[in-house]
Amino acid sequence: MQQIFNFIIRNSNRLLFLLLLGISLTLTIQSHSYHRSKVISSANFLSGGVYERINRINEYLNLKTENDELVLENARLKSLLFNKEDTTKLPLADSIKGVKPADIVVSKVIHNSYNRYENFITLNSGARDGVKPDMGVINSLGIIGIIDDTSPRYSTVVSILNMKSQINAKIKKSNHFGSLTWDGKSTGFAQLRDVPRLASIRKGDTIVTGGQSVIFPEGINIGTVDKIFIEKNTSYYVINVKLFNDMTNLGHVYIIKSKDREELINLENKEKNE
């Protein structure tokens, strides 16, 4: 212990300098958006590289599982060749409503957090692939989240399991809209809020994207109605939505480009300023 005190005393000037330098850098980054964006981008680049290497190791360790899945897939394809009915049909990337194949970036999850209140996902596609912030991310089962930030080769996604996430959604059969959020409790459920009590809702009804934003096309699957509550002191429903996706087990995803995004935003801003 005495040696530690002696070390601190001998190097007090250096330690004080490093402390003040750290404080000044922190204040500079927090108060200047340009510096903050550069730091975030650099962090995405470094963490993306680490996550990708970890993902490669996990892929190697999971080769047996992947081989088993390939065997099942081969069996399914062979059954199709013999004109047997396919009971495992899923939406394909080129069948997303209102989205052309050229406007889809196929990517892969290399890191996925789901045990926090604000969860993020890292993908191995970035700015050089045409990925930009606020693009929607889905897979064959439904929505995953929204692009938050990018580096040249990687991007981070605000997961739907993030308490700050808000996504426009609706009841498929009735077109009543609400806001999809997450209460931070279960990885298998999200909550659809602000649904008017005039809406006819039953357990098992499908919840899809509402199409009232430029992030997701209308009609992308989200989940099914599990429970229905009446929010206190309001006239709105809160719907517990059982997600189609297992958010703890994600592989390949589709990033949706929106060519009309800037045009729509400029038009809306013009209306607000008039």
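For clarity, every value in this text was computed on a predicted model and none was experimentally measured. Excluded from the calculations below are hydrogen atoms, water molecules and symmetry mates; all remaining heavy atoms, backbone and side chain alike, are included.
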When clusters are formed from ILVMFWY side-chain contacts under 4.5 Å, directly or step by step, what else is grouped with F189?
->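 The other cluster members (ILVMFWY side chains, heavy atoms under 4.5 Å, direct or chained): none.
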Do [X] and [Y] make a side-chain contact, defined as non-hydrogen atoms from C-beta onward lying under 4.5 Å apart?
| X | Y | value |
| --- | --- | --- |
| P217 | I256 | yes |
| I255 | V106 | no |
| R193 | Y236 | no |
| I146 | M135 | no |
| Y154 | I110 | yes |
| I207 | T224 | no |
| F120 | V157 | no |
| K257 | V105 | yes |

Taking only residues two or more places apart in sequence or in another chain, which ones pass side-chain hydrogen bond (donor to acceptor under 3.5 Å, both in side chains) with S113?
->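 side-chain hydrogen bond (donor to acceptor under 3.5 Å, both in side chains) check on S113 returns N119.
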Might you point out which heavy atoms bring [X] and [Y] nearest each other, and give the distance in Å?
| X | Y | result |
| --- | --- | --- |
| D194 | S179 | OD2-CB, 4.4 Å |
| P196 | F177 | CD-O, 4.0 Å |
| Y117 | G184 | CE2-O, 3.8 Å |
| N112 | M247 | ND2-O, 2.7 Å |
| L180 | I222 | CD2-CG2, 3.8 Å |
| M163 | D183 | CE-O, 3.9 Å |

Residue that, paired with D226, satisfies side-chain contact (heavy atoms from CB on, under 4.5 Å) out of L243, I239, N240 =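 Among L243, I239, N240, the one meeting side-chain contact (heavy atoms from CB on, under 4.5 Å) with D226 is N240.
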Salt bridge K172-D205, side-chain N to carboxylate O under 4.0 Å |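 No, K172 and D205 are not salt-bridged.
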I171 CD1 to Y237 OH distance, which is reported to the nearest 0.5 Å =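 If I round to the nearest 0.5 Å, the distance is 9.0 Å.
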Assess whether side chain to side chain contact (heavy atoms under 4.5 Å, CB included) is satisfied between K132 and T150, documenting all intermediate values.
-> CA-CA 7 Å; K132 298 179 181 179; T150 65; 5.8 Å; no
Do other residues, nucleotides or ligands put more than 12 heavy atoms under 6.0 Å from the NZ atom of K203?
->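 No.
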Take I144 and I160 through the test side chain to side chain contact (heavy atoms under 4.5 Å, CB included) and record every step on the way to the result.
-> CA-CA 6 Å; I144 300 295; I160 57 175; over 6 Å; no
Pair R197-S235, side-chain donor/acceptor within less than 3.5 Å =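 There is no such pair (donor and acceptor under 3.5 Å, judged by atom type) between the side chains of R197 and S235.
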Check whether the side chains of S107 and N124 place a donor and an acceptor atom closer than 3.5 Å, and report yes or no.
->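 Checked: S107/N124 side chains pair up, N/O donor to acceptor below 3.5 Å.
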Would you confirm whether T209, through its side chain, and G211, through its main-chain N or O, come within 3.5 Å as a donor-acceptor pair?
->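 Side chain of T209 to backbone of G211, a donor-acceptor pair under 3.5 Å: no, none is there.
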N245 and its side-chain hydrogen bond (donor to acceptor under 3.5 Å, both in side chains) partner, picked from N139, T187, N221 =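 The side-chain hydrogen bond (donor to acceptor under 3.5 Å, both in side chains) with N245 is passed solely by N139 among N139, T187, N221.
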